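Everything below concerns the one structure shown next.
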There are 2 protein chains.
Amino acid sequence: MPRWTNNAEKRLRNAAAELFEAHGYEAVTVTAIAERAGLTRRTFFRYFPDKREVLFPQTDEIGEAVAQAINIQPKDADAGVLVGEIITVLVRAGTVITSDRQAQRKRQTLIQSSPELRERSRTKLATTAATIESALTTRGEPDAQIIAAVAVDLLRTAYQATLEGDDNASFAEHVKRARTALRSFDSYSRLPAPVSDP
Amino acid sequence: MPRWTNNAEKRLRNAAAELFEAHGYEAVTVTAIAERAGLTRRTFFRYFPDKREVLFPQTDEIGEAVAQAINIQPKDADAGVLVGEIITVLVRAGTVITSDRQAQRKRQTLIQSSPELRERSRTKLATTAATIESALTTRGEPDAQIIAAVAVDLLRTAYQATLEGDDNASFAEHVKRARTALRSFDSYSRLPAPVSDP
DNA sequence: TTCGATGATGACACTCTGTGCTATCGTCAT
DNA sequence: ATGACGATAGCACAGAGTGTCATCATCGAA
C-alpha cells in the first residue's frame with residue numbers, strides 16, 4: 001500500500017489552507033506547510049514554484065474558455081459580436097465561480113490580507129486578459145488590448161460585487177450593470193477642440 | 001563640506017539604473033547597487049522598501065490629479081461629466097509622460113523583462129485605480145470600481161500604444177481610439193433568455 | 001570651545017524564500 | 001533478485017528583507 005494517500009499536491013494545499021486560516025499568510029512558513037503535510041520544504045517547491053502559488057490552483061480556465069469561444073466565431077464577426085460572446089462566457093464562468101459564496105468570501109479575505117497575494121491575484125487576471133487579447137489579435141481585432149482588459153475588469157468587479165453584496169443579485173446582473181456604466185465613456189468628447197463628431 | 005553630494009536616494013537610483021541596464025534586473029544584487037552608490041546594503045533598504053521600488057519613484061501623481069479634478073466638479077455632475085474630466089486629466093498626464101519616448105521605451109523594456117517588475121507595475125496602476133475609485137465613491141457614484149478600472153486601462157493601453165508605435169500618433173489619439181472601441185460593450189445583450197429589453 | 005542631542009550610516013546577525021545537487025528509498029518490469 | 005526509474009530527503013548556498021546596536025557628522029546651546 002502507498003506510503004500515505006500520495007496526493008502530495010492536495011495534501012500541501014490543504015495544509016497551507018489550514019495554517020493560513022489559523023495564523024495568516026505571512027506568519028506561516030513554507031517549512032511549516034510541508035511538515036504538516038508530512039513532507040519536506042524542498043518537496044513543496046517541486047509542486048509549487050513559490051509560496052503564493054499554493055493558493056492559486058487553476059490553470060487559466062476562464063481565459064481559455066473565452067479564447068475558445070472567440071475562435072469558434074465566423075470570420076466576418078465584428079467586434080460587437082465577439083464582445084457579446086466574451087461576455088456570455090464570462091457570465092457563465094462567473095456564475096459558476098460565485099456559486100459557493102461563503103468559501104469564496106473566505107478565500108478572498110485571505111488574499112486581500114496580504115500584498116503578495118493581491119499582487120499574485122492581479123497577475124492571474126493579467127494572464128487571463130493576455131489570453132483573451134491574443135485570441136482577439138489572431139482575429140485581426142485592432143483594439144484587442146483594451147477590449148480584453150475591460151472584459152477582465154467586468155469579470156473582476158462583478159465577482160467582487162457578487163461576493164460582497166448581502167443581497168441576492170446574481171453575477172449576471174452585476175455584469176449588466178457594469179456594462180451599462182461603460183456608456184459614460186462614450187459621451188461627446190469635450191477635449192481641447194471639439195472638431196467633428198456629430 | 002558634506003561627505004559627497006548627499007543625494008543618497010538619487011545616487012541609489014542612478015546606480016541601480018546603470019547596473020540594471022548593463023546586466024539585467026535579476027542579475028544585479030542590492031549589495032551591488034548600494035556599493036556602486038558608495039553606501040551599504042542596509043542603507044538601500046532605508047530609502048526603498050524593496051529592490052523593485054528603486055525603479056518606481058513616483059507617488060501616485062496621476063491618481064491624485066484625477067481625484068482632484070473629480071472633487072472640483074459640481075455636486076450634481078453625472079457620471080458622463082465625471083468621466084469626461086477623468087479622461088481630460090489622463091490625456092494631459094499621458095501626453096506629458098510619453099514626451100520622451102526613447103527613455104520611456106527603455107524603462108518599459110526593462111520592466112517587461114522581469115516578472116517581479118511587471119507585477120509591481122500592475123500594483124502601481126492598481127493604486128491609481130484605487131485613488132480614482134475612492135474619489136468617485138465619495139461622490140456617491142455607484143459604479144466607481146468599473147469606471148476607475150477602465151479609466152486606468154485607457155491610460156495603460158494608450159501609453160503602451162504610444163511607445164510602441166513607430167508612427168506619430170499622439171497619446172490623445174490612442175485614447176480616443178480605445179474609447180471608441182468600448183462601444184462594443186454596449187450592444188444588445190444576447191444572453192440565455194432575452195426576457196425584456198426593448 | 002565643549003557638550004549633548006539628533007539624524008544618517010555602518011556593521012552584524014538572523015529569518016525566510018527559492019534553487020542546485022546528491023543520496024536514498026520504494027516500486028515495478030524483467 | 002536486479003536494475004531502472006520516479007519521488008523524496010537532505011544539505012548547502014545566495015539573495016531579500018528586518019531588527020538592533022554602534023558610530024559618526026552636524027548643529028545649536030551653554
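Quick note on labels: first sequence line is chain A, next is B, and so on, each numbered from 1. Everything numeric here is computed off the predicted structure, so don't read it as measured data.
- Between the side chain of B:Arg46 and the base of C:dG10, a donor-acceptor pair under 3.5 Å is found.
- The phosphate of C:dT17 has OP1 or OP2 within less than 4.0 Å of a side-chain N or O from A:Thr29.
- The interatomic distance linking A:His23 (NE2) with C:dC16 (P) rounds to 14 Å, in whole Å.
- Rounded to a whole Å, the CG atom of B:Leu12 is 13 Å from the C1' atom of C:dA8.
- Put simply, the side chain of A:Arg139 reaches to within 4.5 Å of the side chain of A:Gln73, judged on heavy atoms.
- The side-chain heavy atoms of A:Val150 and A:Leu182, taken from C-beta on, include a pair separated by under 4.5 Å.
- Whole-Å rounding puts the B:Glu53 CD to D:dA16 C1' distance at 15 Å.
- When the P atom of D:dG15 is taken as reference, atom CG of B:Leu19 falls 14 Å away, rounded to whole Å.
- Counting only heavy atoms from C-beta outward, the side chains of A:Asp50 and A:Arg120 approach each other to under 4.5 Å.
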If you apply the rule side chain to side chain donor-acceptor pair (under 3.5 Å), what do you find for A:Glu173 with A:Ser170, and how did you get there? CA-CA 5 Å; A:Glu173 288 169 305; A:Ser170 72; 3.2 Å; yes

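- Between A:Tyr47 and D:dT8 there is a side-chain N or O to OP1 or OP2 distance below 4.0 Å.
- Within residues 37-45 of chain A, the residues approached by DNA chain C to less than 4.0 Å at the level of any non-hydrogen atom are A:Arg41, A:Arg42, A:Phe45, in residue-number order.
- B:Glu35 places its CD atom 13 Å from the C1' atom of C:dA11, with the value rounded to the nearest Å.
- At whole-Å resolution of the value, CG in B:Asn7 and C1' in C:dT9 are 16 Å apart.
- Rounded to whole angstrom, the span from the CD atom of A:Glu26 across to the P atom of D:dA16 amounts to 19 Å.
- In this structure, B:Phe48 places its CZ atom 20 Å from P of D:dG15, rounding to the nearest Å.
- Side-chain contact check for B:Arg122 and A:Thr123: at least one donor-acceptor pair (N or O, by modelled atom type) lies under 3.5 Å.
- Within the 4.5 Å cutoff, side-chain heavy atoms of A:Tyr159 are placed close to those of A:Thr98.
- Judged purely by atom type and a 3.5 angstrom limit, A:Glu141 uses its side chain to pair as donor or acceptor with the backbone of A:Asp143.
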